[in-house]
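Here the structure is a predicted model, which is why all the values come from computation and not from measurement.
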Amino acid sequence: MCRLSAITSSEYISPMENILSLETMKEGHDGSGLGLMLKDLGGPFKDLKDFPILSTICSNKGVEDLTAFMRSRGFAEKFSWEPAIKNVPGVERRDHYLVKVYDYPAEYRDKPKSEKEDLLMNTRLAIRKMGEPDGSIFAFSFYPDVLTLKEVGDPLQLGEFFNLDKSDIKSKIVLAQGRQNTNYAIYLYACHPFFIQGYGTMTNGENTAFVPIREFLMGRGNPGYMGYNSDSEVFTHIAHYVNRSLGYPLHYYKDVITPLKEKEIDTRSDAQAIRLLKRSLRPLCIDGPNCVIGFTPDGSVFMVQDAKKLRPGVVGGVPGKYGLMSEVCGLDSAVPQRDKSTDIFPMKYDMVIIAPGAREVTVWNQLHA
């Protein structure tokens, strides 16, 4: 199993808060890796929110190749950041952990948002293709106001390695996963969270329906539905497909991945739509056990369980700061001042959605939609 730590806040917070939450849940993960995804950035990125941010790991050769490639594509670099690396025993340092902010190519600056998003996704995929054969470049995300850090090792040690306790890197949404490698070789592209065009998710569990889901997604004609070094990456792509590509409200994500029985559908006022979703998107039904936490482009943060409800998950907090965690002890670390009697433990029919800005929490229930 993995352990998940997500915090959404109305104020900027340090990702160390999530890492410390993971440390309290350490019995549930083996310290084989850390994935951090930050959205709604502060610090040096606060005034650069309209510009795409590329998060990479590069060798010295990879930096040269990346620089030449981005220039050839018309991207002008505006700002560059690297964490102040501290040598920590047991963590193998790579050459560069680069986060670069670019201006769009001139011909794209006035294009619609959707065309810009496609440009960024296709550019990231091209960078991945260029760097993957020799491991010279890992490209995790390329999107405005999103930053990603990943590395192999114990999360607390990696927090020290990246010097995050002293860093000015902050954000209002942080997803962090302490990854236990159970099914795949340790590989950075298999490390959660995963990202595509404003959607990020991470998962604790095992996706036993991975193959049919992967095949269905790869047949949609979207070049971003690829990779799949982890069986959990499909959860990000399903959210993207249902919410962005098909245009359904976010809560229909739950109806797609855990469809209701026919008698249960009959109780819904939108039964006709739900029945159509179930029939047409049946290959996207998950079989668990899974707990999924993610965010959407507008800053909504959610938690959802599969129907088996065999992975732990809890949501709680106060207006302006909420945590979505694998365990209560992680939530105690992140938001100790909350009223614990209001903690939410989403069950098989529930989807917990926290509004942008951590304003309020909604528990959306499939049976009582």
When rounded to the nearest 0.5 angstrom, what distance separates CD1 in Ile196 from CE in Met226?
10.0 Å

To the closest 0.5 Å, what do you measure between OH (Tyr252) and CE (Met351)?
12.5 Å

Per the ring pair (Phe, Tyr, Trp, His ring centres under 6.0 Å) rule, what does the pair list look like for residues 274-328, sequence neighbours excluded?
Tyr253-Phe302

What distance do Gln305 atom CD and Lys348 atom NZ have between them, rounded to the nearest 0.5 Å?
12.5 Å

Glu92 CD: over 12 foreign heavy atoms closer than 6.0 Å:
no

Under a 3.5 Å threshold, yes or no: a donor from one side chain and an acceptor from the other, between Thr148 and Ser141?
yes

Flag yes if Leu250 and Leu175 sit in one hydrophobic cluster, no otherwise; membership is Ile, Leu, Val, Met, Phe, Trp, Tyr, and two members link when side-chain heavy atoms are under 4.5 Å apart.
no

Can you sort out the partners of Phe235 under ring-ring contact (aromatic ring centres under 6.0 Å, His included), two or more places apart, ordered by chain and number?
none

When you check the gap from the basic side-chain N to the acidic O, do Lys340 and Asp332 get nearer than 4.0 Å?
yes

Using the ring-ring contact (aromatic ring centres under 6.0 Å, His included) criterion, which residues pair with Tyr12? Sequence neighbours excluded.
none

List the residues meeting side chain to side chain donor-acceptor pair (under 3.5 Å) with Asp47, not counting sequence neighbours, and say none if there are none.
none

Might you confirm whether atom CZ of Arg71 has over 12 heavy atoms from other residues, nucleotides or ligands at distances under 6.0 Å?
no

If the condition is ring-ring contact (aromatic ring centres under 6.0 Å, His included), which residues does His237 pass it with, not counting sequence neighbours?
Tyr225, Tyr228

Are Lys86 and Glu160 ion-paired here, with the side-chain N under 4.0 Å from a carboxylate O?
yes

Within 6.0 angstrom of Gln272 CD, more than 12 heavy atoms from elsewhere:
no

Does NZ belonging to Lys111 count more than 12 external heavy atoms closer than 6.0 Å?
no

Could you tell me whether Lys78 and Asp103 have a side-chain N and a carboxylate O separated by less than 4.0 Å?
no

Closest non-hydrogen atom pair between Lys150 and Leu188, with its separation:
CD-O, 3.9 Å

Do you see a donor-acceptor pair shorter than 3.5 Å between the side chains of Tyr189 and Glu132?
no

Minimal non-hydrogen separation, Cys58 against Val63, with atom names
CB-CG2, 3.7 Å

side-chain hydrogen bond (donor to acceptor under 3.5 Å, both in side chains) pairs, two or more places apart, involving residues 161-176
none

Around Asp339, counting heavy atoms of other residues, nucleotides and ligands shown, do more than 12 lie under 6.0 Å from its CG?
yes

